[in-house]
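See below for the structure under consideration.
Just so it is clear: chains get the letters A, B, ... in the order the sequence lines come, proteins before strands, and each one is counted from 1.
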Amino acid sequence: MSDYKPSDIESKWQQYWDNNKTFKTDDSDRSKPKYYVLDMFPYPSGAGLHVGHPEGYTATDIVARYKRMNGFNVLHPMGWDAFGLPAEQYAVKTGTHPRITTEKNVNGFRRQLKSLGFGYDWDREINTTSPDYFKWTQWIFLQLYSKGLAYQADVAVNWCPELGTVLANEEVIDGKSEVGGFPVIRKPMKQWMLKITEYAERLLTDLDDLDWPESIKEMQRNWIGKSSGANVDFAVKGIDEKISVFTTRPDTLFGATYMVLAPEHELVQKIVDSGKKEEVDAYLKETEKKSDLDRTDLNKNKTGVFTGAYAVNPVTGKDIPIWIADYVLISYGTGAIMAVPGHDERDWEFAQKFDLPIVEVVKGGDVTKAAFTDTADGVAVNSTNDEISLDGLKVDEAKERITLWLSEKGLGEATVTYKLRDWLFSRQRYWGEPFPVIFVDGKPKPLPEDQLPVMLPEVEKYEPSGTGESPLATIEEWVNTTDPETGKPARRETNTMPQWAGSCWYYLRYIDPDYTEGPVSKEKENYWMPVDLYVGGAEHAVLHLLYARFWHKVLYDIGVVSTKEPFQKLVNQGMILGEMEYTLYRGSDGNFLSQDDLESYEGDLTRIKVTAEQLSKKGDGFVINPQNAGRPLTVIHPDGKREEKSDYFTASDLENDLYVEARSYKMSKSRGNVINPDDVVEQYGADALRLYEMFMGPLEQVKPWSMSGVEGVYRFLKRVWRMIVDDRSGNLLPEIADVEAAKAQEKALHEAIKKVTEDIEGFRFNTGISALMIFVNEAMKWEKRPLSVMNDFLLLLSPYAPHLAEELWLKLGNEPSVAHQPWPKYDESKLVDDSKTYAVQVNGKVRGQINVPMDQAKNKDLVLEMAKSEPGVLKYLEGKELVKEIFVPLKIVNLVVKG
RNA sequence: GCGAGAGUGGUGGAAUUGGUAGACACGCUAGAUUUAGGAUCUAGUGCUGCUAAGGCGUGGGGGUUCGAGUCCCCCCUCUCGUACCA
């Protein structure tokens, strides 16, 4: 071994770390400060890791190694979120038990993660599908149940009669099943719900103290969707019923000219006029067929039907018609609205379409043209009856006045509503956690704790039952059981929990994976929680993070955990896109299309993939360069057929500039731009992959992959090798010597230490790497490379490229491993220069530089004197009047002249 | 529509509080070395000027300042999230 060959050294060190349990977390040591670094654990798919995984995982690995070297007790675990649909779908197709698929995939993932050199404590590996784990998932469900936070309700699911199964939302596309394209309807089924809404306010307010990206917090706030307003009761004419509505604009009550109920509203059948019944039923049937997506159609073409019934506006005393329309959602507010077409866009549109009266009650716009919704400047008008007048009040004042009046009269009250809905917690699937619930005499009954875990039965086939129930419903001997307390016959719950369940609390199990008395022991939980750093993809911004926070708060309330929030700091890694692609489009008429024409073009498009060297920059875009236009390119026909061509363009094609679309796309199998980490490791090694993933750009940012970028960092690693090793003999270079470092060498080292340290602390891994590169570029010029300097450099490198660092560390005669060495400290005094270079500006433009000895650098008179006599500066001063001299110590000199 | 974020060389990206824009890397050009190389080394590389002096440059327009990528106002584009939430 002489050259830098990652394949030779990487597996060796991976084995060393494994054998020596280098990254095992010492749980007993309470003297050190703790640091808990967590990755969002993966779903072990059959496809293996994609390059997005190692991005976040490398970042956390760097932080974990860095913190360890800084004297922290570091917890950095990994596990598997292994329940879920793909393994089940595979089981339906092939008959393979999901457990077998899962195990195989987990082994693949573990091998891949180890091959990247991540320093996980593998003794804490967890798997959501293991009975030791889901026992406690079920246990937590029991706690939720006993707190009254779990209940059953009839909720519409995506039922596909042809497939005889219930589909997840993502399996439904445009109201049809993804598989087969069969119609999907909404069918109510009995389901478990979790009352996350009870925690809405706490989930909202506790966001404030979290060190999370503002965008994520904002998304959660929007999701929770708190709004303040009032509930108002409207009497139904002729029968003894009230319709309660929620409104955020009680000030517009005088303008409520009709009401609308959601089709599912419970009063629909009671109030409908017999003459209208047929029409209403037809409408209800119509809306039932629509999926949620259809109902929120982008064209917003509103539909509805008049019930024939009237309500009474409590302030105007007028009869107002009651309509049914699916633009009102049963799941929000009270499922009914007072419609104020003058001041609500949706109501305005509806009123226009069905010719309902529009009344202006807030002045400022023209309600015949559009709804006026400005709440800042609007003033109430036409809002007076015998008892109350809002006229002249601003919106806020009017709201307050009317709300007070309503509650005095018993007609309404101030109300807060949340968009957040209860969590649908049932899936009609096999491969999930069984509920620890039985039904005795048809009533749900939680199983006692000693019956946990409730195991999944073995089944012959994984096809859905055909009734919409899960495959478990067909296993009679499992479904039929007895109540362990009374001995009565009982049936098991046949739904299973959704995939979110296992991921809601996994961060706790890592802390104490073998604990048998609960999910986690009190003492260890106390030490390790909260998670100090949580890194993962932004796709979990809302659901996973909100669900996990909800469970955590429940566990907090029952004393299982000691912190209000689970994840103190959150960082989202940005998506990695495929390599940049250059595409020229050609219409079916044979003409090439420029970017601007593309959007409006309706016909079939032929895509021509060209390479970067076939292009030249013109203006803001790229055009085909006639000189290289003849080189090979790929033509993709509208039917998807690919064809390799050279000399594709004719001379006349190239007379006009052909602008090309330049962008990179999300990696996808169908596009064929997926990068497999295994291939990168094989070609360039794990260290190069790790380094490249960090060097691409800021962690949080979306960024395109580039293979030549990988080569760039690979070349850097080779340089590091050659900085220390003679690549012909494999021995240490003669330049390496145990000598005292020269001043310049110390300066280079300490600059690197400072930059790398600060950049890891600030999650700026890309610029940290550039600091390492600058050091190596410098050190390669040194005739003597002091051992101590080289050693410190390797420690700086080690979180990024641990295999290479270990190997060279050993070659320099040190004991492995670098992982437990103390992190180098920089010394500010070694960073100072002998002299200060000032840029000298004249009227804000740099015209020269001067070198001032450091001990004189703050001497204003001297520096200005030198600046004014600098030849490059002098010629801009000649013949001009010097009006001002700016001197900022250690920064800049600026001379302002006139004339 | 609403909310959030971002626009810097041919490319990915630097620029910590307003103080020499383009660090580091890719790519490219020229040269050296090598049997060869997607290896290595040296030099160059924002645009525009004949090598020059200079001029112009951080999406566009205005402003504050001795000085603006950075601060303020207006506009444009892109990305992400969200979507009849009363």
Considering only heavy side-chain atoms of A:Ile337, the closest of B:C24, B:A86, B:G3 is B:A86
When rounded to whole Å, the CZ to P distance for the pair A:Phe716 and B:G12 reads 22 Å
On RNA chain B, more 5' by nearest nucleotide between A:Lys755 and A:Lys836 is A:Lys755
Sequence neighbours excluded, the answer for side chain to side chain contact (heavy atoms under 4.5 Å, CB included) partners of A:Ser835 is A:Asn851
Handout entry: Check ion pair A:Lys868-A:Glu885 (N to O, under 4.0 angstrom)
Key = yes
A:Trp223 atom CH2, over 12 foreign heavy atoms within 6.0 Å: no
Smallest heavy-atom separation, A:Tyr258 atom then A:Ala351 atom, equals OH-N, 3.8 Å
key: N/O (side chain, A:Lys884) to phosphate O (OP1/OP2, B:C66) under 4.0 Å   = yes
Problem set entry | Pairwise P distance for B:G46 and B:A52, with rounding to whole Å | 12 Å
- B:C47 versus B:G10 - spacing of their C1' atoms, nearest Å: 12 Å
Hits for side chain to side chain donor-acceptor pair (under 3.5 Å) against A:Ser215, two or more places apart or cross-chain, chain-then-number order -> none
Those residues at least two apart in sequence (or on a different chain) that pass side chain to side chain contact (heavy atoms under 4.5 Å, CB included) with A:Gln614 are A:Val610, A:Thr611, A:Asn628, A:Arg631, A:Leu633
B:U58 and B:U11: how far apart are their P atoms, nearest whole angstrom? 16 Å
In whole Å, what separates the P atom of B:G44 from that of B:C24?
12 Å
Considering only heavy side-chain atoms of A:Gln849, the closest of B:U20, B:A86, B:C66 is B:U20
Between A:Asn313 (side chain) and A:Leu253 (backbone), is there a donor-acceptor pair under 3.5 Å? yes
Whole-Å distance, A:Ile224 CD1 to B:U82 C1', equals 15 Å
- Task: Pick base, sugar-phosphate or nothing for A:Asn843, based on heavy-atom distances below 4.0 Å to the nucleic acid.
- Result: nothing
Closest non-hydrogen contact found for A:Gln220 with A:Leu546 is OE1-CD1, 3.3 Å
Rounded to the nearest 0.5 angstrom, the CD1-CZ distance for A:Ile402 and A:Arg249 is 12.5 Å
chi for B:G55 classified (syn = within 90 degrees of 0, anti otherwise) as anti
With P as the reference atom in both, quote the distance from B:G60 to B:G69 in angstrom, rounded to an integer.
12 Å
Regarding the side chain of A:Gln701, the nearest nucleotide among B:G13, B:G81, B:A86 is B:G13
What distance, rounded to whole Å, do you find between the two C1' atoms, one in B:C56 and one in B:G22?
15 Å
- request: Under 4.0 Å between any heavy atoms, over every strand shown, what does A:Gly333 touch: base, sugar-phosphate, or nothing? Just pick one.
  value: nothing
Next on the checklist: Categorize A:Ser227 for me: base, sugar-phosphate, or nothing, with a 4.0 angstrom heavy-atom threshold over every strand shown.
Outcome noted: sugar-phosphate
Counting primed atoms, P, OP1 and OP2 as sugar-phosphate and everything else as base, the B/S/- map of nucleotides 51-62 of chain B against protein heavy atoms under 4.0 Å is --SSSS------
Taken in chain and number order and not counting sequence neighbours, the residues that satisfy side chain to side chain donor-acceptor pair (under 3.5 Å) with A:Glu761 are A:Tyr66
In whole angstroms, the gap separating P of B:G13 from CD1 of A:Ile576 amounts to 12 Å
- Inter-nucleotide P distance (B:G1, B:G49), Å rounded: 42 Å
What one should report as the nearest heavy-atom pair of A:Ser664 and A:Glu579 is CB-O, 3.7 Å
Per atom distances to the A:Val896 side chain, the nearest of B:C26, B:C66, B:A86 is B:C66
Of the candidates B:A86, B:C26, B:C24, the side chain of A:Phe695 sits closest to B:C24
In B/S/- notation (B base, S sugar-phosphate only, - none; protein heavy atoms under 4.0 Å), nucleotides 35-44 of chain B written 5' to 3' is ---BSSS---
How would you label the contact of A:Ser706 with the nucleic acid (heavy atoms, under 4.0 Å): base, sugar-phosphate, or nothing? nothing
Heavy-atom closest pair (A:Ile196 atom, A:Asp422 atom, distance to 0.1 Å) is N-OD1, 3.4 Å
With syn defined as a glycosidic angle within 90 degrees of 0 and anti as anything else, the base of B:G7 is anti
Taking atom types as modelled, is there a side-chain donor on A:Tyr826 or A:Glu751 under 3.5 Å from an acceptor on the other? no
Those stems involving RNA chain B that have three or more consecutive Watson-Crick or G-U pairs, both distances under 3.5 Å, are B:1-7 with B:76-82, B:10-12 with B:24-26, B:27-32 with B:40-45, B:46-48 with B:54-56, B:59-63 with B:71-75
- Query: Taking atom C1' in both B:C76 and B:A30, what distance in whole Å separates the two?
  - Reply: 42 Å
Of the listed B:A25, B:U20, B:A23, the closest approach to the A:Met773 side chain comes from B:A25
*Side chains of A:Tyr684 and A:Glu711: do they bring a donor and an acceptor to under 3.5 Å?*
yes
In short, salt bridge (Lys or Arg N to Asp or Glu O under 4.0 Å) pairs touching residues 765-775 of chain A with sequence neighbours left out are none
What's touching nucleotides 17-19 of chain B from the protein side, N or O pairs under 3.5 Å?
{"unit_1": "B:G19", "atom_1": "N2", "unit_2": "A:Gln841", "atom_2": "OE1", "d": "3.4"}

query = Can you say whether the rings of A:Phe354 and A:Phe350 are parallel (under 30°), tilted (30 to 60°) or perpendicular (over 60°)?
reply = tilted
- Query: Thinking salt bridges, do A:Lys609 and A:Glu581 make one under a 4.0 Å N-O criterion?
  - Reply: yes
When rounded to whole Å, the CG to P distance for the pair A:Asp759 and B:A23 reads 17 Å
The side chain to side chain contact (heavy atoms under 4.5 Å, CB included) partners of A:Lys419 (sequence neighbours excluded) come to A:Tyr332
Close N/O contacts between protein and nucleotides 6-11 of chain B (under 3.5 Å):
none

Whole-Å distance, A:Met219 CE to B:C80 C1', equals 8 Å
Separation of B:A86 atom P from A:Leu253 atom CG, nearest Å, is 17 Å
Sorted by chain and residue number, the side chain to side chain contact (heavy atoms under 4.5 Å, CB included) partners of A:Lys718 (sequence neighbours excluded) come out as A:Tyr4, A:Tyr714, A:Arg722
### Message
Please determine whether a side-chain nitrogen or oxygen atom of A:Asn766 lies at a distance below 4.0 Å from atom OP1 or OP2 of B:A14.
### Response
yes
From CD of A:Glu751 across to P of B:U16 the rounded distance in Å is 16 Å
Here the distance between atom P of B:G1 and atom CD of A:Glu349, to the nearest Å, is 15 Å
